S.K.: 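The structure is given below, and queries will be raised subsequently.
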Amino acid sequence: MRYSFVEAGKYIPVGIDGKLYLDVGNALIKGVIDHHQPSAPKHSATHLVYENAKLLGLDTQEIVLHQSPDLDCAASSYLASRYLQNKELPTFAKELAVFLDKVDFGYAANSALSLHSLYEFIKAECSSDEEALLKGHKLIEEMSATGFESGALPDSLSKYKQTIEDDYDSYRQDYENSIAIACNLPIKNANGFSECKGLVIKKPQSKLFKTWARNDTKHAENGFELLIVQLSDRRTIISVKADGMYFLKGLGDLINESEKKKLREKGIFVDGANRVGYDMPDPWYDGRNPSHNYTIIDSPRRGSELDFEEVLQIVKRYCAHSERMV
């Protein structure tokens, strides 16, 4: 099987023979299995492959995924390739699909020693997207024997126990470089706001920063509900707990309006069809599909023209109900 990679959120024309698009393409049709459109079922791409094998296309010669493939890319392509080669899914396919729903929606795994955390470290060791994907396939097979979030590792992966312990030490240093905040956020399925604890960090060194911060009951009673993380000069991710009481509906629209204004000021024109569900080709993704339910906001694919301080000011306006937001 051949693998290739395109920009996340890319529009895919219907009827491309011999190619299967997974976790990219904004559709759920034969040859395209993606969950990033507003009408998608509340499942990861992996779960959609598990439930929709008939959409794979038995003539598939190439699987196309998004660049910098995440675990959902690795797991969905693993199931698809196994089905296309053997005409059946592995016995652990449902277990993998259920776990990927948990991971892709932002829920915490039962253990820091999980398929998700190990993939993050293995991916960082790779020099290409295809290498990361294929090592992800191997990792899935290895961990299928012990469970994807059991905390037990096969002997071949035992070295990562120390790696994860070291990463927690990195988080403790990251915390010292963070700004803890208190702010009001809207409550899911209710009219009203409630105060929660958040954390702002620039360029954390810990790869599992999100995992550690969500479960940091030492510094926040319930862990940090809101995370504002600058990953690079042009990429920031804002998120709340997927299984928490808050969401960020409307914040993505505010940021996108500022992004469009900044593009006009700089004379930058972004070509292409609008991303499905948005009024611009390359917006800040705001989790408006059922899978994420407005719990995550991520920068445009090309990177944002807004600097980190500008993003923080927009979040502050959004949280205007709180005088303690910093």
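What you see is a predicted model, and the numbers here were worked out from it, not measured in a lab.
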S.K.: State, yes or no, whether a side-chain contact exists between Leu113 and Lys161 at a heavy-atom distance under 4.5 Å.
M.R.: yes
S.K.: Which distance, rounded to the nearest 0.5 Å, do you find between the NZ of Lys262 and the CG of Leu306?
M.R.: 5.5 Å
S.K.: Does Lys266 pair with Glu305 as a salt bridge, N-O distance under 4.0 Å?
M.R.: yes
S.K.: Does some side-chain heavy atom of Pro281 sit less than 4.5 Å from a side-chain heavy atom of Arg275?
M.R.: no
S.K.: Is it the case that more than 12 heavy atoms not belonging to Gln205 sit under 6.0 Å from its CD atom?
M.R.: no
S.K.: Please say yes or no: joined through hydrophobic side-chain contacts below 4.5 Å, possibly via intermediate residues, are Met280 and Ile255 part of one cluster?
M.R.: no
S.K.: Does the side chain of Glu62 pick up a donor-acceptor pair with the side chain of Ser4 at under 3.5 Å?
M.R.: yes
S.K.: For Lys123, is there an ion pair with Glu131 - N to carboxylate O distance below 4.0 angstrom?
M.R.: no
S.K.: Do the side chain of Asn52 and the main chain of Lys54 share a donor and acceptor less than 3.5 angstrom apart?
M.R.: no
S.K.: Tell me if a side-chain donor or acceptor on Asp23 pairs with a main-chain N or O of Ala45 at a distance below 3.5 Å.
M.R.: no
S.K.: Set out, in order, the CA-CA distance, both residues' side-chain angles and the distance that settles side chain to side chain donor-acceptor pair (under 3.5 Å) for Ser258 and Glu310, then state yes or no.
M.R.: CA-CA 9 Å; Ser258 293; Glu310 289 175 312; over 6 Å; no
S.K.: Verify, without hydrogens or angle tests, whether Asp72 (side chain) and Thr46 (backbone) share a donor-acceptor contact under 3.5 angstrom.
M.R.: yes
S.K.: Regarding Gln173 and Asp169, do their side chains bring together a donor and an acceptor under 3.5 Å, going by distance alone?
M.R.: no
S.K.: Verify the ring-centre separation between His66 and Phe5: is it less than 6.0 angstrom?
M.R.: no
S.K.: Judged by atom type as modelled, is there a donor-acceptor pair below 3.5 Å linking the side chain of Asp34 to the main-chain atoms of Leu22?
M.R.: no
S.K.: Does Gly277 offer a backbone N or O that forms a donor-acceptor pair with the side chain of Arg288 under 3.5 Å?
M.R.: yes
S.K.: Apply side-chain contact (heavy atoms from CB on, under 4.5 Å) to the pair Ile297 and Ile237, showing each step before the final yes or no.
M.R.: CA-CA 6 Å; Ile297 299 174; Ile237 296 180; over 6 Å; no
S.K.: Taking 4.0 angstrom as the limit, do Asp233 and Lys202 come out as a salt bridge?
M.R.: no
S.K.: Write down the atom of Ser299, the atom of Arg235, and the distance for their closest heavy-atom approach.
M.R.: OG-CA, 3.4 Å
S.K.: Just wondering, more than 12 heavy atoms not from Lys260 lying within 6.0 Å of its NZ?
M.R.: yes
S.K.: Are His35 and Phe105 an aromatic pair by the rule of ring centers under 6.0 Å?
M.R.: no
S.K.: Donor-acceptor pair, Asp174 side chain versus Ser206 backbone, under 3.5 Å?
M.R.: yes
S.K.: So how far is it from His43 NE2 to Ser76 OG, rounded to the nearest 0.5 Å?
M.R.: 14.5 Å
S.K.: Taking all non-hydrogen atoms of both residues, which atom of Tyr50 and which atom of Ala93 are closest, and how far apart?
M.R.: CD1-CB, 3.9 Å
S.K.: Would you say NZ of Lys87 has more than 12 non-hydrogen atoms from neighbouring residues, nucleotides or ligands within 6.0 angstrom?
M.R.: yes
S.K.: Please confirm whether the backbone N or O of Gly244 pairs with a side-chain atom of Lys188, one donor and one acceptor, at under 3.5 Å?
M.R.: yes
S.K.: List the atom of Ser178, the atom of Ile201, and the distance in Å for their closest heavy-atom pair.
M.R.: OG-CD1, 3.3 Å
S.K.: State plainly whether the residues Lys207 and Glu120 are in salt-bridge range, i.e. N to O under 4.0 Å.
M.R.: no
S.K.: Evaluate the side-chain contact (heavy atoms from CB on, under 4.5 Å) criterion for residues Tyr171 and Thr211: first the C-alpha distance (whole Å), next the side-chain angles of each, then the deciding distance (0.1 Å), finally the verdict.
M.R.: CA-CA 10 Å; Tyr171 167 72; Thr211 298; over 6 Å; no
S.K.: Going by heavy atoms in the side chains, are Leu118 and Ile164 under 4.5 Å from each other?
M.R.: yes
S.K.: Would you indicate whether the side-chain heavy atoms of Trp284 and Leu254 approach each other to under 4.5 Å?
M.R.: no
S.K.: Do the side-chain N and O atoms of His47 and Glu51 include a donor-acceptor pair separated by under 3.5 angstrom?
M.R.: yes
S.K.: Can you confirm whether Ile238 sits close enough to Ile296 that some side-chain heavy atom of one is under 4.5 Å from a side-chain heavy atom of the other?
M.R.: no
S.K.: Does the side chain of Asp70 pick up a donor-acceptor pair with the side chain of Tyr119 at under 3.5 Å?
M.R.: no
S.K.: State, without any angle test, whether Tyr78 and Arg82 hold a side-chain donor-acceptor pair at a distance under 3.5 Å.
M.R.: yes
S.K.: With side chains defined as the heavy atoms from C-beta onward, is the minimum distance between Leu71 and Phe99 less than 4.5 Å?
M.R.: yes
S.K.: Tell me the closest heavy-atom pair linking Val24 and Val64, and the distance in Å.
M.R.: CG1-O, 3.9 Å
S.K.: If we count only N and O atoms by modelled type, under 3.5 Å, do the side chains of Lys261 and Asn256 hold a donor and an acceptor together?
M.R.: no
S.K.: State, yes or no, whether a side-chain contact exists between Asp167 and Phe121 at a heavy-atom distance under 4.5 Å.
M.R.: yes
S.K.: Tell me whether Glu221 at atom CD has more than 12 heavy atoms from other residues, nucleotides or ligands lying less than 6.0 Å away.
M.R.: no
S.K.: So if you build clusters from Ile, Leu, Val, Met, Phe, Trp, Tyr with side-chain heavy-atom gaps below 4.5 Å, do Leu139 and Val98 land together?
M.R.: no
S.K.: Using the rule that two of Ile, Leu, Val, Met, Phe, Trp, Tyr join whenever any of their side-chain heavy atoms come within less than 4.5 Å, decide whether Leu199 and Leu231 are in one cluster.
M.R.: yes
S.K.: Can you tell me how the ring of Tyr278 sits relative to the ring of Tyr285, calling it parallel under 30°, perpendicular over 60° and tilted otherwise?
M.R.: tilted
S.K.: Check whether Ser114 reaches the backbone of Glu149 with its side chain - one donor and one acceptor, N or O, closer than 3.5 Å.
M.R.: no
S.K.: Please work out whether the ring planes of Phe247 and Tyr294 are parallel, tilted or perpendicular, with thresholds of 30° and 60°.
M.R.: perpendicular
S.K.: Counting distance only, does the side-chain N/O of Asp104 pair as donor-acceptor with the main-chain N or O of Ser44 below 3.5 Å?
M.R.: no
S.K.: Check this for me: Asn189, atom CG, are more than 12 non-hydrogen atoms of other residues, nucleotides or ligands nearer than 6.0 Å?
M.R.: no
S.K.: Would you find a donor on one side and an acceptor on the other, under 3.5 Å apart, between the side chain of Arg214 and the backbone of Phe224?
M.R.: yes
S.K.: Between Lys249 and Asp286, is there a side-chain N and carboxylate O pair less than 4.0 Å apart?
M.R.: no
S.K.: Hey, is CG on Asn86 packed in by over 12 heavy atoms from elsewhere, all under 6.0 Å?
M.R.: yes
S.K.: With hydrophobic residues grouped by side-chain heavy-atom distances under 4.5 Å, do Leu79 and Tyr3 end up in a single group?
M.R.: yes
S.K.: Nearest 0.5 Å please: distance from the CD atom of Glu309 over to the CG atom of Leu312.
M.R.: 5.0 Å
S.K.: Run the side-chain contact (heavy atoms from CB on, under 4.5 Å) check on Leu185 and Ser194 step by step: do they pass?
M.R.: CA-CA 6 Å; Leu185 289 178; Ser194 178; over 6 Å; no
S.K.: Specify the closest pair of heavy atoms between Ala182 and Glu195, including all atoms of both residues, with the distance to one decimal.
M.R.: CB-CD, 4.3 Å
S.K.: For a side-chain contact (heavy atoms from CB on, under 4.5 Å) check, start with the C-alpha distance between Lys210 and Leu227, then their side-chain angles and the critical distance, and finish with the verdict.
M.R.: CA-CA 8 Å; Lys210 178 180 174 181; Leu227 298 179; 4.0 Å; yes
S.K.: What are the two closest heavy atoms between Ser77 and His137, and how far apart are they?
M.R.: OG-NE2, 2.8 Å
S.K.: Kindly compute the distance separating CD (Glu95) from CG (Leu100), expressed to the nearest 0.5 Å.
M.R.: 11.0 Å
S.K.: Flag the pair His116 / Phe148 as yes when their ring centroid distance falls below 6.0 Å, and as no otherwise.
M.R.: no
S.K.: Given side chains that start at C-beta, do those of Glu257 and Asp253 come closer than 4.5 Å, heavy atoms only?
M.R.: no
S.K.: According to a hydrophobic-cluster definition based on side-chain heavy atoms being under 4.5 Å apart (Ile, Leu, Val, Met, Phe, Trp, Tyr only), do Val270 and Val6 belong together?
M.R.: no
